[in-house]
Structure formats: structure tokens, C-alpha cells
Colleague: 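Can you keep this structure in mind? I'll have questions shortly.
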Number of protein chains: 2
Amino acid sequence: MPKVTEAHREARRDEILAAAQRVFARNGYRGSSVPMIIKESGLSAGAIYSYFDGKEVLFRAVVERTLELKSSQFASDPDSDPRSPGELMQQILQGMQGEPILTIAPQIWAEAAVEPEIRAVLSQVFERLTSMLRTELTAWADTHPDRTGADPQAWAARITPVLFSAIPGFILQRLTLDDFDEQAYLDALIDTYPH
Amino acid sequence: MPKVTEAHREARRDEILAAAQRVFARNGYRGSSVPMIIKESGLSAGAIYSYFDGKEVLFRAVVERTLELKSSQFASDPDSDPRSPGELMQQILQGMQGEPILTIAPQIWAEAAVEPEIRAVLSQVFERLTSMLRTELTAWADTHPDRTGADPQAWAARITPVLFSAIPGFILQRLTLDDFDEQAYLDALIDTYPH
DNA sequence: GTCTATAATAGGATAGAC
DNA sequence: GTCTATCCTATTATAGAC
């Protein structure tokens with residue numbers, strides 16, 4: 001199998017997914033059609049279907065692409081100091097300014113509610129993210145026992161699901177409220193959690 | 001205009017909406033069709049269309065019905081003591097055990113992301129809910145200045161959007177994670193906020 | 001007011017040429 | 001590998017009878 005062709009296929013695949021992501025971000029999952037994606041990509045029906053089996057598969061691939069991209073941004077740097085709850089959230093949420101993720105995330109949630117396959121993908125991402133949060137928070141609690149109590153691990157495990165909620169909360173309020181104050185939200189987060 | 005007919009029309013309308021809500025809760029917005037709702041309601045196409053102009057209108061009505069029903073449950077009782085952040089959330093989240101709202105809420109969010117009319121409805125509900133939260137929190141902070149600082153109103157305003165996030169966070173984790181521990185989540189909420 | 005039957009359309013998917 | 005043309009199904013919406 002020639003390497004050039006393989007690379008070309010991969011590039012084209014990604015090109016299609018990028019187009020699909022734009023369409024889904026503009027119109028939602030329900031509001032998007034394969035013809036729209038075909039038009040956006042500049043390719044033809046035949047080409048699209050030779051890469052992906054249909055709208056559902058296309059969406060799953062976009063979901064994986066989007067979530068993987070996002071969650072990879074938050075990977076912890078083992079060399080740097082452990083981050084406080086507020087710093088963690090600040091870093092995560094600041095990567096979401098005007099991003100397509102703001103529109104696409106709710107589409108994923110809605111599909112996850114009714115499609116087991118999408119739910120499985122989302123579930124994995126949630127688990128990866130919360131696990132990363134828990135690890136970071138444990139490390140931070142280790143160095144701040146005065147603010148988090150005697151058992152850093154227990155504290156981190158308890159707090160993680162609550163802190164995690166700040167992500168969908170941010171996305172939804174950002175999306176919905178015209179006068180949502182992002183900076184105030186971040187400040188309040190820092191204020192709410194030990195720092 | 002005879003009163004019986006008016007009441008009958010209203011009852012039938014609600015009957016249709018209840019059926020539509022069940023269908024949307026099972027299949028999501030995208031996965032639901034008008035024929036499904038027709039079947040679920042036990043009525044006919046003609047009957048449904050004589051009450052509602054189509055799937056979109058049907059969904060908007062279901063959204064309004066669902067959100068209004070939910071948010072009315074949280075209205076504060078002026079006679080009782082102001083509730084702490086944890087108590088407030090406990091009361092709100094405990095009304096969501098296995099409810100259709102768990103599936104429908106994400107459908108609403110997804111549509112809100114792309115449909116201005118749905119977004120407007122959701123926005124109003126968010127504003128009503130956060131305003132109610134803010135009022136309750138201010139009242140509580142008034143009686144607990146030692147835990148909330150000198151300015152109860154400022155404290156409540158800052159904390160409200162963060163506390164509010166606990167609602168979508170609960171719904172999403174409840175929906176997605178098989179081993180989500182609701183009680184631990186509520187406990188952690190109480191622990192996180194002043195109490 | 002409600003029913004059944006059907007028209008109209010859109011969207012998903014494929015076949016076959018280049 | 002990609003394109004154009006086309007088929008097919010599902011879904012929306014309506015017309016006309018009861």
C-alpha cells in the first residue's frame with residue numbers, strides 16, 4: 001500500500017470531518033443534512049459516502065474528533081506545579097471562547113440522551129476528564145492540607161463531580177444568556193473552591 | 001363560545017402535549033416524528049394538525065410546558081426559613097429522579113443552540129431560575145454574614161451562576177455515567193458551599 | 001372535530017460513468 | 001477516487017369524507 005495514497009486519504013478524511021463540524025456547529029445535528037456537508041466540503045456525494053457510511057457515522061466521527069481535540073488540551077504537564085481548582089477551570093474554560101464546541105457540545109449531549117453509541121463516547125470522555133481533574137486536585141490538595149482536610153484523595157473525589165459541572169454550566173449560560181459575564185463566572189469559581 | 005367546548009379543547013391540547021413529551025423523551029427531538037406522536041396520542045393526523053402546526057410548534061409547546069412545570073416547583077415559600085445553597089440544590093435536584101426532564105433537557109439545550117425561538121424560551125427560564133436562586137441566597141446570606149461576608153447581595157450575585165451550573169452538571173452526569181452517585185453529589189454540593 | 005387516504009418533498013443512499 | 005444522476009424511503013402536511 002503506497003504511503004502517499006494513505007496520507008492523502010487521511011487528509012481528505014479530515015477535510016470532510018472539518019466541513020461536517022462546521023455544518024453541525026451552524027445547524028445542529030438535526031438541522032444538518034448530508035447534502036449540506038457535501039456542499040460545504042466541495043466534494044460530491046459519492047466521495048463523501050466512500051469515506052463515511054452516512055450522517056450518523058459522520059456525526060460520531062465529528063464527536064470523537066471534537067472531544068479528543070478538546071480533552072487533549074487539558075492534559076497535565078507533569079513538570080509544572082499542581083493547579084488549584086480555579087486555575088484548572090480557568091484553563092479549561094478559556095479554551096472555549098467562541099469555539100464551535102459551544103454549539104456542538106449540546107448536540108452531543110442531546111444525542112447521548114437517546115443513542116447508546118454516542119453516550120458511550122461521551123461517557124468515556126467524561127471519565128477521562130473527571131479522572132484527570134481528580135488526579136490534579138489530589139496533587140494540589142496534597143500540598144494544601146490546611147485548605148482541603150486530612151485526606152486529599154477523598155477530598156478530590158468528592159469535589160470533582162461538582163467542579164466538573166462548571167463546564168456544562170459555563171457552556172449553557174454562555175450560549176443562552178446575552179449578558180453572561182465570563183470573567184465574573186471564573187472569578188466566582190476561584191472564590192467558591194479552596195485557593 | 002360554549003364553555004364545555006373550550007375546556008374540552010384545552011384538555012385535548014394537553015393530552016396531545018403529554019403524548020408528545022413522552023415521545024420526545026424516548027427518542028429525542030431529532031428521533032421523533034409526527035406519526036409517532038399521532039400513534040402515542042391515539043388520535044389521528046388531522047386531529048393533531050388541527051391543534052398544532054407541526055413538529056416544531058409541538059416541540060416548542062412541550063418545551064414551554066416542561067420548563068414551566070419544573071420551574072414552578074421551585075418557587076420559594078415566603079413563610080419558611082431561607083434555604084442554604086445545599087438545601088436549595090437538594091430540593092431542585094431531587095425533583096429529577098428518573099423524570100422525562102433528564103432526556104428532554106438536553107434536547108432543549110441542543111435546539112436552543114441553533115433555534116433563536118427555543119433559545120429565547122430557555123433564556124427566560126434560566127433568568128427566572130437564577131433570579132429565584134439569587135433572591136433565596138441573598139436572604140440566607142443575610143442571616144449568615146459570618147459565612148458569606150459583609151455584602152449578602154454581592155455574594156449571592158457572584159455565587160448564583162456557579163451554583164446554577166450544578167443543575168446541568170447533575171443532569172449530564174446522571175445521564176451519562178452508569179455509576180454516578182447522586183447522593184455523593186448532593187453531599188459534595190453542601191460541602192462546597194457555605195452551610 | 002376527527003378520521004383515512006394521499007399528495008408533496010426532502011433527505012439518505014447507491015449505481016454506473018469517467 | 002471522484003463525479004453525476006437517480007432511486008427509494010421516511011416524513012411532513014393536507015384534502016375531503018364522516
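All of these numbers come straight from a predicted model, not from anything done at the bench. A, B, ... follow the sequence lines: proteins, then strands. Residue 1 opens every chain.
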Colleague: What is the distance, rounded to the nearest whole Å, between atom CZ of B:Arg30 and atom P of C:dG11?
Modeller: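 These atoms are roughly 14 Å apart.
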Colleague: What is the distance, rounded to the nearest whole Å, between atom CZ of B:Phe52 and atom C1' of C:dG1?
Modeller: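 Rounded to whole Å, this separation is 15 Å.
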Colleague: It should be established whether A:Arg12 places a side-chain nitrogen or oxygen under 4.0 Å from OP1 or OP2 of nucleotide D:dG1.
Modeller: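 Answer is no, no contact under 4.0 Å.
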Colleague: Got a donor-acceptor contact below 3.5 angstrom from the B:Tyr185 side chain to the B:Ala166 backbone?
Modeller: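 Pair found, side chain donor or acceptor close to backbone of B:Ala166.
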Colleague: Any donor and acceptor pair, going by atom type alone, linking the side chain of A:Glu40 with main-chain N or O of A:Ala19 inside 3.5 Å?
Modeller: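 The answer is no, because no donor-acceptor pair under 3.5 Å joins these two groups.
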Colleague: Which nucleotide sits closest to the side chain of A:Ser50: C:dT2, C:dG1, D:dT2?
Modeller: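 Selected nucleotide: D:dT2.
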Colleague: Counting heavy atoms not belonging to A:Glu15, are there more than 12 under 6.0 Å from its CD?
Modeller: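 It does: A:Glu15 CD has more than 12 such atoms within range.
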Colleague: To the nearest Å, give me how far apart CD1 (A:Ile16) and C1' (D:dC3) are.
Modeller: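 Value for this atom pair: 14 Å.
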Colleague: Is there a side chain to side chain contact (heavy atoms under 4.5 Å, CB included) between B:Arg12 and B:Arg9? Walk through the geometry before answering.
Modeller: CA-CA 5 Å; B:Arg12 173 92 351 144; B:Arg9 243 194 102 78; 5.8 Å; no
Colleague: Contact class for A:Ser33 (heavy atom, under 4.0 Å): base, sugar-phosphate, or nothing?
Modeller: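 Sugar-phosphate, backbone atoms only, no base.
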Colleague: Nearest to the side chain of B:Ala45 - C:dC3, C:dT4, D:dT2?
Modeller: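 Looking only at heavy atoms from C-beta outward on B:Ala45, the closest nucleotide is C:dT4.
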Colleague: Return the nearest nucleotide to the side chain of B:Ser44; candidates are D:dT2, C:dA5, C:dC3.
Modeller: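 For B:Ser44, the side-chain atoms sit closest to C:dC3.
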Colleague: Over how many whole Å does the gap from B:Lys39 atom NZ to D:dT11 atom C1' extend?
Modeller: 15 Å
Colleague: Going by the angle between their ring planes, with limits at 30° and 60°, are A:Phe59 and A:Phe24 parallel, tilted or perpendicular?
Modeller: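 A:Phe59 vs A:Phe24 ring planes: perpendicular.
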Colleague: Can you tell me if the side-chain N/O atoms of A:Tyr49 get under 4.0 Å from OP1 or OP2 in C:dA13?
Modeller: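 Yes, because at least one side-chain N or O of A:Tyr49 sits under 4.0 Å from OP1 or OP2 of C:dA13.
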Colleague: Could you tell me the separation between the CD atom of B:Glu10 and the C1' atom of C:dG1, rounded to a whole number of Å?
Modeller: 16 Å
Colleague: Categorize A:Pro35 for me: base, sugar-phosphate, or nothing, with a 4.0 angstrom heavy-atom threshold over every strand shown.
Modeller: sugar-phosphate
Colleague: Can you measure A:Ile48 atom CD1 to D:dG1 atom P for me and round it to whole angstrom units?
Modeller: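 Distance check: A:Ile48 CD1 to D:dG1 P gives 14 Å.
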Colleague: Regarding A:Gly54, tell me which of base, sugar-phosphate or nothing describes its non-hydrogen contacts under 4.0 Å with the strands shown.
Modeller: sugar-phosphate
Colleague: At less than 4.0 Å, is any side-chain N or O atom of B:Tyr51 found next to OP1 or OP2 of C:dT2? Yes or no.
Modeller: yes
Colleague: Using atom NZ of A:Lys55 as one end and atom P of C:dG12 as the other, report the distance to the nearest whole Å.
Modeller: 5 Å
Colleague: Atom CG of B:Leu43 to atom P of C:dT4: distance rounded to whole Å?
Modeller: 11 Å
